[in-house]
Number of protein chains: 2
Amino acid sequence: MKSSARTPAATAPEASVDLGAAPGCSAAAAPAAAPGRVPKPRADAVRNRERILAAAREMLVETGAEAPLDEIARRAGVGNATLYRHFPDRSALVHHVVLYVMDRVTAQAEDSLAEEVDAFAALCRFTHAAADERIGALCPMLAAGFDREHPELLAARDALETAVETLVATGQRDGLLRTDIGVGDLMVALSQLSRPLPGTDCGGADRFVHRHLQLFLDGLRAPARSQLPGAAATLQDLRRKTM
Amino acid sequence: MKSSARTPAATAPEASVDLGAAPGCSAAAAPAAAPGRVPKPRADAVRNRERILAAAREMLVETGAEAPLDEIARRAGVGNATLYRHFPDRSALVHHVVLYVMDRVTAQAEDSLAEEVDAFAALCRFTHAAADERIGALCPMLAAGFDREHPELLAARDALETAVETLVATGQRDGLLRTDIGVGDLMVALSQLSRPLPGTDCGGADRFVHRHLQLFLDGLRAPARSQLPGAAATLQDLRRKTM
DNA sequence: CGCTAAGCGGGGACCGGCTCCCCGTTTGGT
DNA sequence: ACCAAACGGGGAGCCGGTCCCCGCTTAGCG
């Protein structure tokens with residue numbers, strides 16, 4: 001691993017999008033140390049928050065971006081009010097889930113390159129790992145409007161992009177990866193192949209995902225077996241449509 | 001090409017699901033011949049029916065299985081009442097769209113095998129053609145419950161399956177296609193890769209679909225470049241989850 | 001050229017599901 | 001043991017989709 005803050009977003013309570021550090025009054029009571037820091041998070045509150053986040057990730061992945069919030073709450077084992085207390089609205093929830101997953105995927109990209117024997121092996125490991133993180137299920141949410149311009153999101157995206165870019169470039173430099181493909185090709189195909197097919201509770205399809213990714217990766221190997229139509233998909237191409 | 005009624009379903013008005021092919025008698029008068037035969041379809045009625053079907057195919061492909069029917073009507077340039085007059089409910093409409101597309105894809109499979117130089121070339125042609133027919137957009141609808149057991153649908157599915165099965169088997173027999181994959185692998189990956197990514201009006205993504213399919217096909221070529229996890233996906237595997 | 005009814009179009013009522021709030025109750029923290 | 005932060009369930013409000021009703025258009029035919 002090398003850069004990009006990892007662990008924080010994953011588990012830490014971390015102030016919600018909205019609550020800024022506004023309250024100017026501060027010097028007062030015991031719990032609040034810094035100027036206007038929220039007094040304290042209660043133990044079960046943070047636990048519930050994480051349960052909700054986990055359930056939301058599952059539901060969003062299975063059911064899609066328009067999964068009923070009440071159902072997410074039910075699955076998390078909390079009342080719906082609790083969910084709305086932690087995340088003011090749907091987009092806030094999606095926002096945090098997306099950040100969480102992107103962060104983990106970026107970490108996978110960095111770890112893969114650092115730890116695998118060659119760049120192609122790293123690419124394979126990254127690809128399969130990203131699929132396990134259900135990265136494919138996220139694209140619909142990213143595409144579905146919402147927070148396109150949010151700085152946190154942009155930062156996460158950039159981190160992911162550079163990590164994968166490095167992975168691809170290294171593979172091509174070492175002659176292991178065909179040179180007529182771009183980062184965009186990898187990311188789009190990865191998203192598509194790992195997308196859960198609706199209707200199934202991602203129960204059986206999963207068995208196949210890794211097979212198909214492996215087949216795709218075989219097609220990516222260095223001696224190109226065919227000439228591809230169109231031009232390599234760059235990051236700009238993605239940006240214009242996916243984000 | 002070899003079997004399976006083709007052209008009829010494509011353009012002909014073709015009796016709706018409900019009205020059976022009862023006409024045993026024929027000799028009688030001009031409009032109403034047999035007991036309760038519909039007198040006649042009016043010219044603009046059949047034209048509207050086709051406009052609706054075409055618009056529905058577009059919308060279902062772009063927006064997904066839950067596209068608003070009123071919007072389909074609007075795009076077809078007819079009133080919503082007209083749509084409901086032709087297709088009593090959503091599932092009837094979807095039913096016809098699915099049949100139409102499956103029929104065309106089956107035809108592509110048969111033609112490809114008959115006309116291409118070798119089985120792998122046939123497989124490539126079929127795959128790209130099926131993507132152009134937006135077969136990927138259909139799976140969600142098939143999965144979304146509805147008419148799983150309808151005989152017309154089962155027949156269409158069987159026809160498609162045998163056609164593709166032949167394609168794959170021939171390729172494997174001739175040593176052009178790796179033998180550790182099954183029809184299911186091809187169909188699922190094809191569906192996934194050709195699925196429109198939501199949010200985009202399938203405008204830009206299309207450019208990439210064929211690139212990625214080609215990459216996947218390269219991975220399918222005969223000297224297998226890796227060992228695949230899991231077992232080849234058979235038709236039974238698909239049946240249990242996709243239909 | 002005019003008749004007849006099949007077909008058309010738009011507006012609106014019904015309905016189901018999702019969002020979000022309110023208030024009595026529980027529970028963690030000191 | 002106290003207090004307030006947090007919880008949970010129930011329900012009002014709302015939005016969007018489905019489907020029907022009625023006056024108008026127009027194809028088909030003598």
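Convention: sequence-line order gives letters A, B, ...; per-chain numbering from 1.
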**OP:** Identify whether any heavy atom of B:Asn48 sits under 4.0 Å from a base atom; if not, whether one sits that close to sugar-phosphate; answer base, sugar-phosphate or nothing.
**Re:**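 It contacts sugar-phosphate atoms only.
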With sugar-phosphate meaning primed atoms plus P, OP1 and OP2, does A:Ala81 contact a base, only sugar-phosphate, or nothing at under 4.0 Å between heavy atoms?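 It contacts base atoms.
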Quiz item: Taking C-beta and beyond as the side chain, do B:Asp185 and B:Phe216 meet within less than 4.5 Å on heavy atoms?
Solution: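 The answer is no, as the side chains (C-beta and beyond) never meet within the 4.5 Å cut-off.
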In whole Å, what is the span from the [atom1] atom of [X] to the [atom2] atom of [N]?
X       : N      : atom1 : atom2 : answer
A:Leu69 : C:dT19 : CG    : P     : 4 Å
B:Leu93 : D:dC19 : CG    : P     : 11 Å
B:Arg85 : C:dG9  : CZ    : P     : 8 Å
A:Asp89 : C:dC21 : CG    : P     : 10 Å
B:Leu83 : D:dG17 : CG    : P     : 14 Å
B:Ile52 : C:dG9  : CD1   : P     : 9 Å

Could you tell me whether the side chain of [X] and the main chain of [Y] form a donor-acceptor pair under 3.5 Å?
X        : Y        : result
A:Glu110 : A:Ala163 : no
B:Arg104 : B:Glu133 : no
B:Ser194 : B:Gly136 : yes

To the side chain of B:Pro68, which of C:dG9, D:dT18, C:dG29 is closest?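 The listed nucleotide nearest to B:Pro68's side chain is D:dT18.
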*asked:* Pick the closest DNA chain C nucleotide for B:Ala45 and for B:Asp70 by heavy atoms, then say which residue is nearer the 5' end.
replied: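 Nearest nucleotide further toward 5': that of B:Ala45.
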>> So, does A:Thr82 get its side chain near the phosphate of D:dG8, meaning an N or O under 4.0 Å from OP1 or OP2?
In response: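 Answer is yes, contact under 4.0 Å.
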_Base of D:dA5, side chain of A:Arg42 - is there a donor-acceptor contact under 3.5 Å?_
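Between D:dA5 and A:Arg42, which were checked side chain against base, a qualifying N/O pair under 3.5 Å is present.
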Review point. Taking atom types as they are modelled, is there a donor-acceptor pair under 3.5 Å from the base of C:dG11 to the side chain of B:Asn80?
Key: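 Flag set: donor-acceptor pair detected.
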